[in-house]
Amino acid sequence: MEYLLIFIVLVAVVWFFTRKDIQYGSPEEKKEQIRIHYTKELQEALNSIQDPNKKRHVKLQMLKKINDELSRNVFFDPHESKELLQKLSCL
């Protein structure tokens, strides 16, 4: 019985010291990561297209998708979403 108790305590101590603490970024960091992600995604999609009409169509579809995702994102309020979409539309 004593060995079982010592074993449990030992496992608890080892677990406590070897677990990885999850560090969450601040909301500002998350916003910046999201901005960078959307900018890269849009640029990569547009760089591969040469036809201006097709490029405009793809850009419009991606902006609609991004708008939909931002409307459900807790880090962005409507004003910030609109600013990001305006910035992305200028790419």
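No hydrogens, no waters, no symmetry mates; every other heavy atom, side chains included, goes into these values.
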Peer 1: List the steps, then state whether side chain to side chain contact (heavy atoms under 4.5 Å, CB included) holds for M62 with Y38.
Peer 2: CA-CA 9 Å; M62 290 193 69; Y38 284 137; over 6 Å; no
Peer 1: Would you call I36 and T39 a side-chain contact if the rule is heavy atoms closer than 4.5 Å?
Peer 2: no
Peer 1: How about CD on Q50, more than 12 heavy atoms from neighbouring residues, nucleotides or ligands closer than 6.0 Å, or not?
Peer 2: no
Peer 1: With R35, which residues qualify under salt bridge (charged side-chain N to carboxylate O under 4.0 Å, His left out), at least two apart?
Peer 2: E32
Peer 1: Could you measure the distance from the CG atom of L85 to the NZ atom of K87? Nearest 0.5 Å is fine.
Peer 2: 11.5 Å
Peer 1: Between CG of L84 and CG of N67, what distance do you get to the nearest 0.5 Å?
Peer 2: 10.0 Å
Peer 1: Do K59 side-chain atoms and L91 backbone N/O form a donor-acceptor pair below 3.5 Å?
Peer 2: yes
Peer 1: Please list, one pair per line, the donor and acceptor atoms closer than 3.5 Å that link side chains of residues 70-77 to other protein atoms, with sequence neighbours excluded.
Peer 2:
from, atom 1, to, atom 2, distance (Å)
S71, OG, D68, O, 2.6
R72, NH2, D68, OD2, 2.6
N73, OD1, F75, N, 2.7
D77, OD1, H79, N, 3.2
D77, OD1, E80, N, 2.8

Peer 1: Can you list, by chain and residue number, the hydrophobic cluster partners of I8 when the side-chain cut-off is 4.5 Å?
Peer 2: L4
Peer 1: Mind checking what makes side-chain contact (heavy atoms from CB on, under 4.5 Å) contact with I49, not counting sequence neighbours?
Peer 2: K54, K55, V58
Peer 1: According to side-chain contact (heavy atoms from CB on, under 4.5 Å), who are the partners of N47, at least two apart in sequence or on a separate chain?
Peer 2: Q43
Peer 1: How long is the straight-line distance from CD1 of I66 back to CD of E41, given to the nearest 0.5 Å?
Peer 2: 5.5 Å
Peer 1: Residues two or more places apart in sequence or in another chain: which of them pass side-chain hydrogen bond (donor to acceptor under 3.5 Å, both in side chains) with H57?
Peer 2: none
